Amino acid sequence: RHAGSRLVLLALRHNVTGAYELDAGALSALAAPYGVPVARQAAFAARVTGGDRWGEVLAHARGLDGEEGLVACVTVPQGRRAPAQRLVKVKSLWWLALSEASRRAAGGTPAL
C-alpha cells in the first residue's frame, strides 16, 4: 500500500505544437512556485529509432528494483506531417509483482 497519493510532474506539453518539455531545469523552475515535485530523471538514456533500442529500454525498466518503472518519450513518424511525441510508461518487474500481490490480498482478479 502507498502511504498517500501525490502529484509528480513528468513533463509539460505545449498546447499548440504538442511538443514535450523534458528538461529537468525548466520543469523544476516551472513547478517550484506550485510546490509540485518533478520526477527524477534516470541516468539511463537511449534514443529509440525504429524500435531498434526497445529491448534496452525494456530491460532497463524491468530491472529497476524498488521503483515503479520509467516513462520514455518516443518520437513517432507521421508520414508527411511532423513527427509526434508520445510518453510511454514501462513498469518494472518489482512493481508488477507488488501490484499483483496487492490485488490478490484484496481478493481481486489477477492482472494479465
Side-chain angles (χ1 to χ4, degrees):
R1 294 220 123 177
H2 293 287
S5 297
R6 65 186 184 126
L7 174 69
V8 178
L9 182 62
L10 299 175
L12 294 174
R13 193 162 188 193
H14 191 280
N15 283 341
V16 176
T17 67
Y20 286 101
E21 172 60 67
L22 301 169
D23 177 73
L27 293 176
S28 293
L30 291 167
Y34 303 99
V36 176
V38 175
R40 178 180 60 83
Q41 292 192 354
F44 174 80
R47 183 164 184 82
V48 179
T49 306
D52 61 349
R53 304 283 301 271
W54 270 115
E56 290 179 47
V57 174
L58 293 174
H60 179 76
R62 289 177 180 157
L64 294 173
D65 189 32
E67 297 186 45
E68 183 175 348
L70 59 82
V71 177
C73 181
V74 181
T75 301
V76 181
Q78 300 289 308
R80 292 182 183 190
R81 299 184 318 181
Q85 291 178 307
R86 302 283 187 258
L87 293 182
V88 180
K89 189 183 291 187
V90 185
K91 301 288 188 172
S92 69
L93 293 179
W94 173 86
W95 178 262
L96 293 173
L98 183 68
S99 177
E100 183 64 25
S102 177
R103 280 182 231 256
R104 287 179 190 228
T109 305
L112 298 178

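The chain is numbered in sequence order, starting from 1. All figures in this text were calculated on a predicted structure; none of them were measured in a lab.
Leu64 and Trp94 make their closest contact through O-CB, 3.6 Å (heavy atoms, listed as atom of the first residue, atom of the second, distance). For the residue pair Ala61 and Val90, the shortest heavy atom distance occurs at CB-CG1, 3.4 Å.
Residues Leu30 and Leu12 are in side-chain contact: their nearest non-hydrogen atoms beyond the backbone lie under 4.5 Å apart. Put simply, the side chain of Leu70 reaches to within 4.5 Å of the side chain of Val57, judged on heavy atoms.
Taking NZ of Lys89 as the start and CG of Leu10 as the end, the distance is 7.5 Å to the nearest 0.5 Å. Note that OG of Ser92 and CD of Glu67 are 7.5 Å apart. Values are rounded to the nearest 0.5 Å.
In the hydrophobic cluster analysis, where Ile, Leu, Val, Met, Phe, Trp and Tyr join through side-chain heavy atoms closer than 4.5 angstrom, Leu7 is grouped together with Val38. Residues Tyr34 and Leu9 share a single hydrophobic cluster, defined by chaining ILVMFWY side chains whose heavy atoms lie under 4.5 Å apart.
Grouped with Leu93 in one hydrophobic cluster are Leu96, the linkage being side-chain heavy-atom contacts under 4.5 Å among Ile, Leu, Val, Met, Phe, Trp and Tyr residues.
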